[in-house]
Amino acid sequence: MKRRIFGTNGVRGIVNEGMDCALALQLGKAIGGYMGGKVALATDTRTSRDMLASAAAAGLSAAGADVIELGIVATPVLQHYVKTHEDVNGGVMVTASHNPPEFNGIKCVDHDGTELPRDKEQEVEDLFFSKMECADWDRVGSLRSAPGAEDAYLEAVTRLVDANAIRSAGLTVVMDCANGAAFSVGPRLMDRLGVRAITVNSDPQGKFPGHPSEPTKENLGDLISLVKASGADLGVAFDGDADRAVFVDDAGEYLTGDKSLAMIAKAMLCKSKGTVVTPVSSSSMVEDVVRSAGGTVEYTPVGSPVVARRMMAIDALFGGEENGGLIFPEHQHCRDGPMSAAKMLEAVVRHGPLSQQASSLPVYHTEKRKFPCPEALKMGLQVYAKELFADQRLDETDGVKLIYDDGWVLLRPSGTEPIFRIYSESSSPQKAAERADIIQQQLQERLEASEQPLQ
Ligand code: MG
């Protein structure tokens, strides 16, 4: 088996434990050796950003790559820069997205601005584990900074929405930047669109003093209160590197990622018909809304790079995940938080207040369960689940999805943690919970039985 260093979201670890300068330097050399030419480098706001970016830059230039430093920008800003500069071979983002502040990581961007696909990551890994030669003294790369990446990005986003209509609507937005990479681009976008923005946690403080950088409902209490108190038209929150955005409606209700995905899909389908791509874990609400708006849904395995690649392959209209990662192909084939915010503002202008739009969505209830499952037993448990439910309607796009008349249950091992997940959705909350409980018990009993001989 090949040795791996990249997980589902690049390389991540705790700073100066797993994720240290030596690792960033070595990884920089491998990426520089693989990409060559010019490589763009950016960071989110984490306290370890300069340390790791400097080490990565040293590695990149040692391998002969010229480094273009963009500083602290949102991940989609870096991706847009790489995509729009033909002479730039790729990008490196120093970020751990929504992880706690003691974490950091390194993620690679391909020449077209998309996340580096697995086969290319493998080539970087091969170099990482090999005895890499550095460039000769007269071939080592240089470092230069390139201001203005954010300006070009803002231009592009503003062009792709009806900016005049948004400007004349006189909207107010409360924006929570999670002290992360959205701190600059988020408020600047609102300014460009003539939207009055009340900001919270918009200082670039890498210790994330406001709240943890995952935009869950529990973390967004201040945003929700501010939307209610200010009478704003909506609230928006970004994750640490701003590739994801979640929303709060004008009544102060937190909208799940499924809901914002469905709402933006509907707004887009009003303009042109097409296919919406989403992972099998997304709510049936998305499919219901897309179908009734005249579109079709295509399901993929979980993970935004898979969604993005599928969208490129079939020339999809729109796509995204239930965690607030939305992809707009007319802009770029990657998740984009600020672009999502601009599209949501346009949806408010065209289709009315978000609370009204949300109330017309079909109602489903989702129960999420997880339980510890050792890495070595994950696949065995998945195979067992398939056998156990062999006489039911199954979908095996990712894990095992049991299809019922009034909902579904998805059983899949986590790709990043030693846990097994159960998602159960139904129009009846009791049904969703009951199925999740029964199946969890069945799987855990099996797991205990398979673990016993080891003790
Ligand atoms: Mg992120």
Side-chain angles (χ1 to χ4, degrees), residues 6-13 15 19 41-46 48-49 52-53 70 72-82 91-110 113-116 150 153 157 175-186 189 201-202 204-206 208 210-217 219-220 223 236-247 256-257 260-261 278-279 281 302-308 319-328 331-341 414-417:
F6 288 101
T8 34
N9 277 300
V11 182
R12 279 196 201 164
V15 173
M19 190 74 233
L41 173 67
T43 76
D44 68 13
T45 61
R46 287 165 194 274
S48 54
R49 63 180 188 262
L52 293 173
L70 304 187
I72 305 176
V73 294
T75 298
V77 173
L78 167 75
Q79 291 177 288
H80 183 259
Y81 182 87
V82 174
V92 175
M93 184 74 193
V94 177
T95 180
S97 185
H98 59 276
N99 285 148
E102 64 271 24
F103 281 78
N104 212 336
I106 286 178
K107 197 157 90 166
C108 295
V109 173
D110 207 355
T114 60
E115 293 178 58
L116 200 67
E150 203 171 270
Y153 169 87
V157 172
M175 174 175 281
D176 187 334
C177 297
N179 301 110
F183 82 99
S184 169
V185 71
L189 176 61
N201 302 318
S202 63
Q205 293 190 45
F208 304 149
H211 58 71
S213 61
E214 174 72 0
T216 57
K217 185 178 179 183
N219 289 338
L220 299 179
L223 174 69
V236 56
F238 301 101
D239 76 326
D241 66 326
D243 58 352
R244 292 187 283 135
V246 301
F247 298 90
T256 61
S260 40
L261 175 60
T278 197
S281 53
V302 173
S304 66
V306 193
V307 175
E321 300 177 292
E322 45 77 42
N323 61 7
L326 305 180
I327 301 168
F328 302 88
H331 181 44
Q332 49 183 356
H333 279 96
C334 63
R335 294 177 295 185
D336 195 319
M339 183 74 203
S340 307
S414 160
T416 50
E417 297 166 86

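Counting starts at 1 for both ligands and their atoms, in listed order.
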May I ask you to check if any N/O/S atom from S97 comes under 2.8 Å of the Mg ion (ligand 1)?
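Checking S97: at least one N, O or S atom is under 2.8 Å.
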Please name the atom of D239, restricted to N, O or S, that is closest to the Mg ion (ligand 1).
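Checking each N, O and S atom of D239, the shortest distance to the Mg ion (ligand 1) belongs to OD2.
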Below 4.0 angstrom, N of the basic side chain to O of the carboxylate: do R335 and D239 qualify?
no
How about H211 and D176: does a side-chain donor come under 3.5 Å of a side-chain acceptor?
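Yes, side-chain donor-acceptor contact under 3.5 Å.
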Rounded at 0.5 Å granularity, tell me how far NE2 in H98 sits from CG in D44.
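If we round to the nearest 0.5 Å, H98:NE2 and D44:CG are 12.0 Å apart.
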Between D241 atom OD1 and D243 atom OD1, the angle centred on the Mg ion (ligand 1) rounds (to 10°) to 90°
Taking the six-membered ring for Trp, are Y153 and H331 ring centroids under 6.0 Å apart?
yes
